[in-house]
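Below: the structure, in structure tokens.
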Amino acid sequence: MSPPRLRFAPSPTGYLHVGGARTALFNWLYARRHGGQFLLRVEDTDKARSTEESTRAIFEGLHWLGLDWDEDVVYQGANVARHRADAERLVANDHAYRCFCTAFELDARRKQAEATEGAFKYDRRCDQLDRAEVARRVAAGEPNVIRFRVPEGRSTEWNDLVHGAISFPNKDIEDFIILRSDGTPIYNMAVTSDDIAMGITLVMRGDDHISNTPKQIMLYEALGAALPQFAHLPMIHGTDGKKLSKRHGATAVADWQHEGILPQAMVNFLALLGWSPGGEFNEVMGIEELIAAFSADGLLKKASIFDTKKLEWMNGQHLVRMPLAELGPLVARKMAAAGLATEEDLAARQAWYHALLELLRVRSRTVDDIVRQARPYLVETVTYDEHAAAKAWKDAAEARALLAAAHDTLATGAWEPAAIEAALKGLAEARGIAAGKLFGPMRVALTGEANSPGMIDVLGVLGREAALARLTAALNDIDRRTGLS
RNA sequence: GGCGGUAUCGUCUAGAGGCCUAGGACACAGCCCUCUCAAGGCUGCGACACGGGUUCGAAUCCCGUUACCGCUACCA
């Protein structure tokens with residue numbers, strides 16, 4: 001079997017939505033798994049809604065996710081001449097005919113029909129016109145569209161890769177328009193013409209296209225082209241079960257990128273929405289594992305809900321697994337943006353920086369979480385969280401004594417984890433308290449926060465000089481507080 | 001309305017007639033670990049939409065109902 005050719009065909013009318021991203025991902029995964037090609041086609045025939053900015057956003061989103069495409073991007077708008085030629089060919093073939101009914105008339109008839117019997121279906125009146133009259137009206141310059149003549153007395157069916165057999169009785173499908181009166185193609189015509197021209201062998205798209213499929217199949221047949229396979233993916237909904245929209249918060253992949261979600265986590269999460277490798281498996285997978293495991297058999301039929309919590313958990317898993325060499329620059333960029341450090345500075349003390357990341361990433365779910373928690377270790381002086389200070393330094397005299405003792409203990413001796421720990425535990429024991437009673441006040445003094453990595457690790461990252469300075473600053477702050485009260 | 005699609009814990013899913021007392025993951029709760037917070041480990045809570053068939057036996061097959069989603073444009 002020759003390698004499959006798939007495509008992702010977004011219309012550039014917005015940003016790259018997570019639903020679109022997943023459709024792209026599945027197409028990409030299938031192509032990569034089977035050694036085929038993954039093509040990109042921008043469906044920009046709707047000039048009113050398409051924008052260059054949107055096209056760029058889609059490219060960027062795909063690029064961020066690591067979904068690279070083969071061959072040049074196809075712009076549908078560049079192919080209207082072929083679309084029109086194909087439509088005209090169908091007229092010549094007798095598979096389509098010219099219709100002179102105006103949009104206005106059609107609209108009136110449709111309203112009429114809906115008011116009385118319900119469903120409206122084009123009555124084929126223009127198909128009754130004789131050739132001479134059609135020729136005369138065309139020659140007279142009367143506007144007309146081209147309609148496809150739907151074959152009677154049969155059904156159009158296909159074996160969908162995700163849904164199995166799907167069948168539509170042709171009698172339920174009206175003679176649909178394929179070319180507008182201004183000579184531009186209607187969606188189904190453009191798509192079919194392009195998919196044939198691009199040699200697409202598997203059309204994988206959202207299941208909102210299921211009812212377009214019989215029309216496209218008829219077009220393939222009338223055009224004498226080989227049918228591709230079809231796979232219709234379920235939709236992604238918001239937490240309320242409705243179609244994902246702005247109301248649900250972040251829906252564009254770029255939004256998640258800005259929230260500090262890793263592309264590999266996004267890909268991993270999206271892959272598992274609507275697809276499963278089957279059986280028991282580890283859900284945290286890298287892109288190579290996804291490619292190796294991907295198969296159309298695992299595609300699910302049911303629409304799924306985008307669960308932000310799970311995405312964040314997934315991100316945390318990837319955060320811990322990824323190489324520091326890769327995580328470092330990523331976080332550094334955000335730290336620089338937050339004004340906490342410069343990328344050059346962090347690169348200059350890489351060993352220290354990596355040790356810090358190692359401490360923080362296990363406590364984070366997003367890149368932004370890391371940046372937030374890194375603050376105390378990057379700024380000159382800490383700002384105390386009032387709740388934390390009030391609690392840890394509740395007994396000012398005791399806290400003062402403890403911090404002063406800690407300062408003296410840390411001022412001498414080897415600056416090395418085991419030694420520091422032994423010294424501090426010794427101090428706590430000497431004062432007859434649990435180590436935690438000592439670490440609590442120290443934690444606020446050193447980080448300003450109620451929570452932080454282990455005390456010994458914090459001291460290690462801070463270094464003796466900064467640690468002593470902060471202990472002294474805390475002593476002064478406590479004095480200031482008691483002076484005020 | 002017509003046509004098409006879908007239906008397992010709150011969510012993502014495993015399950016292809018007996019392995020199901022329905023498994024895993026997220027979330028939630030508790031416990032353990034522990035200097036706090038995480039991470040990790042353990043435990044708990046929690047589902048086959050409903051009704052009929054078929055079968056010795058159904059979450060799995062068939063029919064119907066219900067609910068939800070999509071399409072029903074000279075939009076894509």
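First the proteins, then the strands, lettered A, B, ... as listed; each starts at 1. Atoms considered below: every heavy atom in the structure, side chains included; atoms not considered: hydrogens, waters and symmetry mates.
One can place CD1 of A/Ile177 at 11 Å from P of B/rA76, the figure rounded to the nearest angstrom. Taking atom CG of A/Leu446 as the reference point, atom C1' of B/rU36 lies 13 Å away to the nearest angstrom. Atom C1' of nucleotide B/rU34 and atom CZ of A/Arg363 are separated by 12 Å, given to the nearest angstrom. Rounded to whole Å, atom P of B/rC19 lies 17 Å from atom CD of A/Glu280. Whole-Å rounding puts the A/Leu300 CG to B/rC12 C1' distance at 9 Å. If you measure from atom CG of A/Asn451 to atom P of B/rA38, you get 7 Å, rounded to the nearest angstrom. Atom CZ of A/Phe104 is separated from atom P of B/rA73 by 17 Å (rounded to the nearest Å). Atoms CD (A/Gln317) and P (B/rC26) sit 8 Å apart, rounded to a whole Å.
Within 6.0 Å of the CZ atom in A/Arg375, the count of heavy atoms belonging to other residues, nucleotides or ligands does not exceed 12. A/Lys437 NZ: 12 or fewer foreign heavy atoms inside a 6.0 Å radius. Within 6.0 Å of the CD atom in A/Glu53, the count of heavy atoms belonging to other residues, nucleotides or ligands does not exceed 12.
Ring-centre distance between A/Phe8 and A/Trp69: not below the 6.0 Å cut-off. With ring centers used as reference points, A/Tyr187 lies under 6.0 Å from A/His209.
The 5' end of RNA chain B is approached more closely, in terms of each residue's nearest nucleotide, by A/Val320 than by the other of A/Val320 and A/Pro185. Residue order along RNA chain B, read from the 5' end via each residue's closest nucleotide, puts A/Gly278 first among A/Gly278 and A/Ser364.
On the C1' atoms, B/rG53 is 35 Å away from B/rC45, given to the nearest whole Å. With C1' as the reference atom, B/rG15 and B/rC20 are 9 Å apart, rounded to whole Å. Nucleotides B/rA27 and B/rU11 have their C1' atoms positioned 8 Å apart, rounded to a whole Å. Across B/rU60 and B/rA14, the matching P atoms stand 16 Å from one another, rounded to whole Å. For the C1' atoms, the distance linking B/rG40 with B/rU34 amounts to 12 Å, nearest Å. Spacing of P atoms, B/rC69 relative to B/rA59, comes out at 29 Å, to the nearest Å. A gap of 28 Å separates the P atoms of B/rG44 and B/rA58, to the nearest Å. The separation of B/rC62 from B/rU55, taken at their C1' atoms, amounts to 12 Å, rounded to a whole angstrom.
Between A/Glu43 and A/Arg7 there is no salt bridge, since no side-chain nitrogen of the basic residue lies less than 4.0 Å from a carboxylate oxygen of the acidic one. A salt bridge is defined here as a Lys NZ or Arg NE, NH1 or NH2 lying under 4.0 Å from an Asp or Glu carboxylate O, and A/Glu221 with A/Arg154 meets this definition. The residues A/Lys111 and A/Asp107 are annotated as salt-bridged, a charged nitrogen and a carboxylate oxygen being separated by less than 4.0 angstrom.
Contact check, A/Arg110 against B/rA73: a side-chain N or O comes under 4.0 Å of OP1 or OP2. Taking side-chain N and O atoms only, A/His163 has a distance below 4.0 Å to OP1 or OP2 of B/rU6. The shortest distance between the side-chain N/O atoms of A/Lys301 and the OP1/OP2 oxygens of B/rU6 is below 4.0 Å. When the side-chain nitrogen and oxygen atoms of A/Ser276 are compared with OP1 and OP2 of B/rA14, one or more of them lie within a distance under 4.0 Å. Contact annotation: A/Lys302 side-chain N/O to B/rU8 OP1/OP2 distance is under 4.0 Å. Of the side-chain N and O atoms in A/Arg365, one or more sit less than 4.0 angstrom from OP1 or OP2 of B/rA39.
When both pairing distances are held under 3.5 Å, B/rU54 makes no Watson-Crick or G-U pair with any nucleotide shown. Across all strands shown, the partner of B/rA29 is B/rU43, judged by Watson-Crick or G-U wobble contacts whose two distances both fall under 3.5 Å. Nucleotide B/rA73 is matched to nothing when pairs are restricted to Watson-Crick or G-U wobble geometry with both distances under 3.5 angstrom. When both pairing distances are held under 3.5 Å, B/rC35 makes no Watson-Crick or G-U pair with any nucleotide shown. The partner of B/rA59 cannot be assigned: no Watson-Crick or G-U wobble pair with both contacts below 3.5 Å exists in any strand. When Watson-Crick and G-U wobble pairs are counted only if both distances are under 3.5 Å, B/rA14 pairs with no nucleotide at all. Nucleotide B/rA67 is matched to B/rU6 when pairs are restricted to Watson-Crick or G-U wobble geometry with both distances under 3.5 angstrom.
The base of B/rC74 lies close enough to the side chain of A/Ser181 for a donor and an acceptor atom to sit less than 3.5 Å apart. Side-chain atoms of A/Lys310 and base atoms of B/rA25 include a donor and an acceptor less than 3.5 Å apart.
Distances from the side chain of A/Ser11 to the nucleotides B/rC12, B/rC74, B/rA76 place B/rA76 closest. Taking the side chain of A/Asp172 as heavy atoms from C-beta on, and the options B/rU36, B/rC3, B/rG4, the nearest nucleotide is B/rC3.
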